[in-house]
S.K.: 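Before I ask anything, here is the structure I am working with.
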Amino acid sequence: MFGRSLYAVFAVVAVTATGCGGGQDAYASIVDKAKTEKKLVIGVKADQPGLGLRTPDGSFTGFDVEVATYVAKQLGVEPSGITFKETVTANREAFIEQGQVDMVVATYSITDARKQKVSFAGPYFVAGQALLVRADDAALTGPEALNGKKLCSVAGSTPAQKVKTEYAKEVQLQEERTYSACVDRVLGGQLDALTTDNVILAGYAAQHAGKLKVVGEPFSTEKYGIGMKKDDTNGRKAVNDALEKMFADGSWTKALQASVGSSGFTVSQAPQLERY
Ligand code: GLU
């Protein structure tokens, strides 16, 4: 028992030291890893209903999971060859850079700052920042009513950043590690609202129907991309090709409808890819 835990300690140290935690470090591109090993490690969220959610049996469901599964298949990897790994907002760049995941499909907005560290295929979805409040809160109707409110968001997210730069004077921002932690604090009455992308909030409002509601017109543009190593040009092209196919053959609309349609979120058209 002691020997085994000691080995685990050494294994963790070795993984940290080499930065090789099951990703594609031995390959120039995720395309090569997919082709050779027929396996991929994909980072997804685990607590966002409709998008990336771990179910009690340990599997993952949601629109991001559907997109990831479709893309992997186009790269030659069957669902049985995919290992889904939980990522939270703040560790996505690091997980890609360290090779802990081959790609990230996790409500991951394409931004110039993130492009310094990783690269993105997509966008495959466009969301916008909104607010989630308690259903009986009649006063908090949108960002203009945030004055003096206690707002929750997630560390490292674009919505938290926007609050810090644009609403810092009016609100008290509490940053959590995950959105579900924010949901608990709004439900419990410690905080007044959660802000992040409308499609994420719609999932929580549906999960807690009658207790939570989404308010405010979207006040940002969040283009969801599939993140991978910064220099993986082949990977980006292949993933964009896969997305193009998913948009064209109806699978994209079907997956979106099945995943987030039931939350009352209006399903939109597939966005224009921004290849670079
Ligand atoms: N799309 C935003 C972001 O990438 C918010 C959602 C999230 O934190 O995953 O930061």
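Numbering of ligands and ligand atoms starts at 1, following listing order.
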S.K.: I need the contact type for Lys162 against ligand 1. Using non-hydrogen atoms and a strict under-4.0 Å cut-off, is it side chain, backbone, both or neither?
M.R.: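 No part of Lys162 is near ligand 1 at this cut-off.
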S.K.: Can you establish whether the number of heavy atoms outside Arg177 located under 6.0 Å from its atom CZ is more than 12?
M.R.: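 Count not over threshold, so no.
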S.K.: Heavy-atom contacts under 4.0 Å between Asp197 and ligand 1: side chain, backbone, both, or neither?
M.R.: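 The side chain, only.
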S.K.: Run the salt-bridge test on Glu78 and Lys73 with the 4.0 Å N-O cut-off and return the result as yes or no.
M.R.: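 Salt bridge between Glu78 and Lys73, a charged N being under 4.0 Å from a carboxylate O: yes.
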S.K.: Can an N or O of Tyr108 be found at a distance shorter than 3.5 Å from an N or O of ligand 1?
M.R.: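 Between Tyr108 and ligand 1 (N or O atoms, distance only) the closest approach is not under 3.5 Å.
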S.K.: For ligand 1, which part of Val154 has a heavy atom less than 4.0 Å away: the side chain, the backbone, both, or neither?
M.R.: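 No part of Val154 is near ligand 1 at this cut-off.
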S.K.: Any side-chain to backbone donor/acceptor pair from Thr89 onto Ser157? Under 3.5 Å, distance only.
M.R.: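 Side chain of Thr89 to backbone of Ser157: no pair is present.
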S.K.: Quick one: does ligand 1 sit under 4.0 Å from the side chain of Ala106, the backbone, both or neither, non-hydrogen atoms only?
M.R.: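 Only the backbone of Ala106 comes within reach of ligand 1.
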S.K.: Is there a heavy atom in Gln161 that sits closer than 4.0 Å to ligand 1?
M.R.: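 No; Gln161 lies far enough from ligand 1 that no heavy-atom distance drops under 4.0 Å.
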S.K.: Can you find a non-hydrogen atom of Ile200 under 4.0 Å from ligand 1?
M.R.: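 Heavy atoms of Ile200 do come under 4.0 Å of ligand 1.
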S.K.: Using a 4.0 Å cutoff against the non-hydrogen atoms of Tyr224, which atoms of ligand 1 qualify?
M.R.: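 Going through ligand 1 atom by atom, the ones under 4.0 Å from Tyr224 are 1 (N).
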S.K.: Kindly state each residue pair satisfying disulfide bond (SG atoms under 2.5 Å apart) with at least one member in residues 165-220, sequence neighbours excluded.
M.R.: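 Sorted result for residues 165-220: Cys152-Cys182.
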S.K.: Could you find the nearest protein heavy atom to atom 2 (C) of ligand 1 and give me its residue, atom name and distance?
M.R.: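 Looking only at protein heavy atoms, the one closest to atom 2 (C) of ligand 1 is Thr158 OG1, 3.2 Å.
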S.K.: Show which atoms of ligand 1 fall inside a sub-4.0 Å distance from at least one heavy-atom site of Lys45.
M.R.: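 By the 4.0 Å cutoff, the relevant atoms are 7 (C), 8 (O), 9 (O).
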